[in-house]
Amino acid sequence: MTYTFKIFDQIYKITLEEEEGQLRVELDGGSYAVDFQKIEDNLYSFLIDGKSSTMGVFRKGKKVQVFLDGDLYELEAVSEREQRKTSHIVSGIQEIKSPMPSRVVKVLKGEGDEVALDEGLIVVEAMKMESELKSPIAGKVKSVMVKEGDAVELGTVLLVVSSE
Amino acid sequence: MTYTFKIFDQIYKITLEEEEGQLRVELDGGSYAVDFQKIEDNLYSFLIDGKSSTMGVFRKGKKVQVFLDGDLYELEAVSEREQRKTSHIVSGIQEIKSPMPSRVVKVLKGEGDEVALDEGLIVVEAMKMESELKSPIAGKVKSVMVKEGDAVELGTVLLVVSSE
Amino acid sequence: MFKKVLIANRGEIAVRIIRACREMGISTVAVYSDADRRSLHVALADEAYHIGGSAPAESYLNKERIIEAAKKSGAEAIHPGFGFLSENDSFADMCEKSGIVFIGPSPEAIRLMGDKITARKIAHDVKVPLVPGSDGAVSDVEASVIAAEIGYPVMIKASAGGGGKGMRLVRSKDDFESSLRMARSEARSAFGDDSVFVERFIERPRHIEIQIIADAEGNTLYLFERECSIQRRHQKVIEEAPSSAISSRTRKKMGEVAVRIAKAVKYKCAGTIEFIMDQSQNFYFLEMNTRVQVEHPVTEMITGFDIVKWMIRIAAGENLPFKQKNIVMKGHALECRVYAENPETNFLPSPGVIEYLRTPSGPGIRDDSSIYNGSEITPFYDPMLSKLVTWADTREAAIKKMESALREYIVLGVKTNIGFLIRTMGDDEFRKGKIDTGFIERHPELLKPSAAGTEKALIAAALSMSSSERTDTQSQKPASNWKLFGRRSGVSRSPSL
Amino acid sequence: MFKKVLIANRGEIAVRIIRACREMGISTVAVYSDADRRSLHVALADEAYHIGGSAPAESYLNKERIIEAAKKSGAEAIHPGFGFLSENDSFADMCEKSGIVFIGPSPEAIRLMGDKITARKIAHDVKVPLVPGSDGAVSDVEASVIAAEIGYPVMIKASAGGGGKGMRLVRSKDDFESSLRMARSEARSAFGDDSVFVERFIERPRHIEIQIIADAEGNTLYLFERECSIQRRHQKVIEEAPSSAISSRTRKKMGEVAVRIAKAVKYKCAGTIEFIMDQSQNFYFLEMNTRVQVEHPVTEMITGFDIVKWMIRIAAGENLPFKQKNIVMKGHALECRVYAENPETNFLPSPGVIEYLRTPSGPGIRDDSSIYNGSEITPFYDPMLSKLVTWADTREAAIKKMESALREYIVLGVKTNIGFLIRTMGDDEFRKGKIDTGFIERHPELLKPSAAGTEKALIAAALSMSSSERTDTQSQKPASNWKLFGRRSGVSRSPSL
């Protein structure tokens, strides 16, 4: 079985096969013997060619997060077609989402306001720390979904900015 | 709701009731306000009249084990009738069970052998340590269920001794 | 000695204080907000009282409810920890008036040092060098004039501030106005006071602070320095003791200066005098923290002196039996603050439930933490999970020990800065001690996962894809090895996840 | 220095050695049996090799497989830990012949000290006092004659023994025969050799041992004593350093005697000379352990000396840069061995899966452990879960710290001796240091749960009965507090389990 993943904007092909009861992996021209054991939900001990690693593995659809040595690696399974797509062009309509559960401290721009690239749009606060969210494009504020004082969840759309 | 438990060979009655959304417990003439929160499976944080305790609670039928401050308390729910029973008389037919998964090192007595109270019956080994199991009564060995070298599980009956 | 002490705090510092009390035979009383019923400080205290809602203003800043809990429980003293009410002179005053000992300095000392402008005056009076800047709180117009006078870059700081809140570095005139607005807004919401002052920013400065301790008789000792130059968003992330940047002559000079400031306010308790130091060991007074410091463990590790226990003893009327010459340091200690945050998105907090936790331990490892398997990081409070501390005979050995310990840490359920800390331990400049408060800004490459783990992550990801249909049956814990005795090898080499 | 080291052991000592190597920049190779694939030493090592079945004879005692793994991995040295092959001279020999450094003394030194009778002769030659007894291995008939000669109580000990295996105390002639049989049988199965010897039993003896370390040039230092008098089934449970029973004069005398014995066999490595001491500080040589000791951490805590790292450095050819006068001790350290066992049934092991684990941490706490959430205690090996170590400035403070730390320990899934350890820390005789190897026998009340927790346990039990029908719906983790924001108070006061 062969899988294709994108990580750090690179595409990798990886093949799993069983050989005499031993799992083998082909990756980037190399071949590895893999042994693994479940430790707890989502946590596994791996021996890859005898090298030991403990990894957390979280899968949601095509996205896989792997915890290893204090880092969370984000991988995405990609199809042949997707492999040919280049990275997104940052333009068009952009939704500004709350990066975490937080409270809206100040809305800096109103509907119809012009904004420059990297100009501040809104200030949110979580855990006693304020963060200013900036515009990823130059354009106009299309709509403002929240007002000062609102409590918002992770991923709530706060504003929409348009480059047109 | 009232429950009766035996612990340390003593009988206790304990009553639970809800009063204005607050759980109250009546025990041994005292009354306590109890608040608790689940931490993980079988583990709870208790506030009993404001006093904090973290306890593990494991229930199997009428038996309840409670982990508290490094100890495992063993309780048994008892009915009215059982409360009147006195403790078991150690006589009659006694099964000698393996106290843990282990290996039989030596069978010291055979079928029909006479045994004195506290005389050694069998030697088992687990985790590189030998233990001699002794007869809880004076009498005769009725049957021997295992032989040297056998691996036995926790609770396996090894021998039966009879006082008759 | 007190029989019962209330701890008016939460998180790891509450746990730290509760442990000290337990070891001293003192009963402990915890207080908790709605969000903290399952927190470790509630579990470890002897008693616990609910004091209100999850927002700090409704609970840990609610003076009346805390005093009430102290009275109800019969606590004779209150330890405020850090943050919350620890530097609130009116709370210290309320305690006194209620007949409860406040484990800290006098309300007067808190008040004097709590206002940065007054503190600078006091320091100036006892001939301690200060960074050039405005002489006090300034209006928007004054601020911009003074900034222009002393020259960019400048710092804007909240008068009532601390912990990096309401603080902004401004590198050019263009950014001044918006930074000033942000600083005031943060100051207002954090301290209820939006006064700010302005001062010169020192290039490549090091943050060095001196731990002092003083008893009621005025015996005032310094417990050497801590270097806290590795900061993000003006908050310390990695601290160490001693500093590799100062000579023993500078150490002594800074210690004596710190003692002079403490004595000027008749200071009684543990406290910290913070300095900013340039690359030539010139140091300037920044502020005094009139409470225990987050990073106090590194000082404890090199001196063997228990700062929290001595705060309690001094508050109970004991005097220090040591002289300055009895305080000696040995080896080197390092502290890493493990946060639930994402270094890749400018250290945004990452609340959640700790689904799995495995912490490092062993020789020379100290983990001051308040998390456990199943505990929850809520968005209401500081996202610090743990302070991982290592001690070894040399700085190099302490760094290697830290790196190794961080690699043992497993935290699932929230994002953490552990990977960033590991890379920092391996950084050449850091290893050489070439650090200053701009270190993290200068090293954006430390924020991202290293590509070194890519192959392993790919293998794990591929296995997770291959096993999708079997997830449910595999989600139980493995059976006991004892039960698997006979069919062991098949299990040990299972070819799919 | 070595680039790669193989650790021929498992459990916490393998973890301890792996950590030392990681911190020294040495790659580590673990070996594991069928039962240990999920063990912590496998997870923490850089590489791991499967070497056979769960029974020690099939894996950790399998010399050929271990040497093979070392060659395959390219390890230059093998650290044997304790137990297993650590005192096996033929294994040390095999390593040498395979061009692999054995991190330990010479095969010759192991051989000389491994046979207790030879060891006694060597000690006698360098004028070290010995307990009266048989001059060597004895037949059943000789044994009983000698026992009668030196007078009861007597000890029967395996010639090839260690760790309490094949050892029996006999208080009267009537028990001699059966005890002799048991001792021989244990000795045979543990060491493949059933020779035993007999010696006088000293009333209320203390077990005191001296840690020594020696390099290839013969520099031999003593790192003071450890007191290990609290034993069950002749195995140590609680150890401390220093001993509260000896004067500094005795300490020096014992240290010098220990160095003399080590020098007599040209000893090179860390090692321990064990003594039995009567109530008047008369001490007699017992045996020498030619390896790292389980209880080495207490010595590390009071000296700041890393014994495991120095074993590796010495094996790699480094010499000790210290003199005896550079070794100073500070404070007091205590070690409690946390076992999966049931003190109420004569400490029978209790294997199982660790369903939930919360370990103590904080200042002065060191936890040398190999367990984690979800790990498994198999019946194949020693049931030790952890060595909990505390350090404080005085013995009293170290005991209080230990008691407090033990109360923080939560282990679900297996029975442990934690409650017993807590009660021992609170015992008046123990606190006063009135201890000897008969301490546990004299205090059966420490083995049973204290009635103090009865009321709490009853409340928990009653709640568990009342909630039986709802168990399934309640078995999920609580939702995030964030999500419960609005309906918090209802949850916080849930009236049934």
Side-chain angles (χ1 to χ4, degrees), chain B residues 1-3 5 7-8 10 12 14-16 18 21-23 25 27-28 30 32 34-44 46 48 51 53-59 64-75 77 99-102 105-106 120 123 125-132, chain D residues 56 165 178 182 185-186 189-190 233 342 345-346 348-351 355-356 358 379-383 406-407 409-412 415-422 448-466 468 474-475 477-478 490-497:
Chain B
M1 194 56 202
T2 297
Y3 300 93
F5 288 100
I7 176 172
F8 296 132
Q10 297 257 13
Y12 294 87
I14 178 165
T15 303
L16 308 183
E18 209 183 315
Q22 169 69 66
L23 178 67
V25 168
L27 171 61
D28 238 2
Y32 308 90
V34 176
D35 173 40
F36 64 91
Q37 278 276 307
K38 181 169 180 173
I39 300 294
E40 283 272 331
D41 287 352
N42 302 321
L43 187 66
Y44 296 84
F46 286 82
I48 301 171
K51 302 280 185 297
S53 291
T54 304
M55 290 191 261
V57 187
F58 308 87
R59 195 179 143 225
V64 187
Q65 288 190 326
V66 177
F67 173 92
L68 168 62
D69 278 347
D71 280 319
L72 215 51
Y73 290 82
E74 314 215 324
L75 302 97
M100 58 163 309
S102 50
V105 175
K106 203 171 187 72
V123 179
E125 188 210 87
M127 294 181 179
K128 304 292 320 155
M129 204 162 60
E130 298 192 359
S131 303
E132 191 177 84
Chain D
K165 277 154 201 153
S178 73
M182 300 278 284
S185 157
E186 269 186 37
S189 79
R233 290 169 167 266
N342 186 356
T345 56
N346 198 18
L348 266 177
S350 166
E355 305 285 0
Y356 187 85
R358 191 189 292 173
F380 302 108
Y381 312 110
D382 189 87
L406 287 165
R407 283 185 199 278
Y409 232 118
I410 298 178
V411 185
L412 305 185
K415 284 198 182 184
T416 72
N417 64 340
I418 294 172
F420 158 73
L421 294 168
I422 291 172
K448 284 177 304 219
S450 81
T454 305
E455 291 205 343
K456 289 177 184 173
L458 280 162
I459 291 172
L463 283 164
S464 82
M465 298 299 281
S466 83
S468 46
Q474 297 261 341
S475 71
K477 269 187 198 162
V491 170
S492 159
R493 301 260 160 182
S494 158
S496 66
L497 208 66

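The analysis underlying the following values was restricted to heavy atoms, covering all of them including side chains, and did not include hydrogens, waters or symmetry mates. This one's a predicted model, so the numbers in the text were calculated from it and none came from an experiment. Residue numbering restarts at 1 for every chain, and letters A, B, ... go by the order of the sequence lines.
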L72(B) versus chain D, the contacting section by heavy-atom distance below 4.5 Å: both
Taken to the nearest 0.5 Å, the spacing of Y12(B) OH from T454(D) OG1 works out to 5.0 Å
Provide the closest heavy-atom pair for G120(B) versus E132(B) in the form atom of the first, atom of the second, distance. CA-OE1, 3.6 Å
Checking heavy atoms, do the side chain of M55(B), its backbone, both or neither come under 4.5 Å from chain D? side chain
So which of N417(D), L458(D), I459(D) has the biggest tally of heavy-atom pairs under 4.5 Å with chain B? L458(D)
Region of S450(D) that comes under 4.5 Å of a non-hydrogen atom in chain B: both
Mind checking the CD-CZ spacing from E355(D) to F67(B)? Nearest 0.5 Å is all I need. 13.5 Å
What part of I410(D) lies closer than 4.5 angstrom to a heavy atom of chain B: side chain, backbone, both or neither? both
Is a side-chain N or O of Q22(B) found less than 3.5 angstrom from the main chain of V34(B), in a donor-acceptor match? yes
Between CD1 on residue I7(B) and OH on residue Y73(B), distance to nearest 0.5 Å: 7.0 Å
Does any heavy atom of chain D fall under 4.5 Å from the side chain of Q10(B), the backbone, both, or neither of them? neither
Pick from V123(B), V66(B), V105(B): which one has the most heavy-atom pairs with chain D under 4.5 Å? V66(B)
Shorter than 4.5 Å, heavy atoms on both sides: which option in P449(D), P351(D), G419(D) has the most such pairs with chain B? P449(D)
Part of T54(B) within contact of chain D (heavy atom distance under 4.5 Å): side chain
In Å, rounded to the nearest 0.5 Å, how long is the span from CG of L68(B) to CZ of F46(B)? 10.0 Å
I'd like to verify something: which residue of M182(D), E455(D), K415(D) has the highest number of heavy-atom pairs under 4.5 Å with chain B? E455(D)
Counting only heavy atoms closer than 4.5 Å, note whether T345(D) contacts chain B via side chain, backbone, both or neither. neither
Looking at CG of L16(B) and OH of Y32(B), how far apart are the two atoms once the value is rounded to the nearest 0.5 Å? 13.5 Å
Could you measure the distance from the CG atom of L27(B) to the CZ atom of F5(B)? Nearest 0.5 Å is fine. 10.5 Å
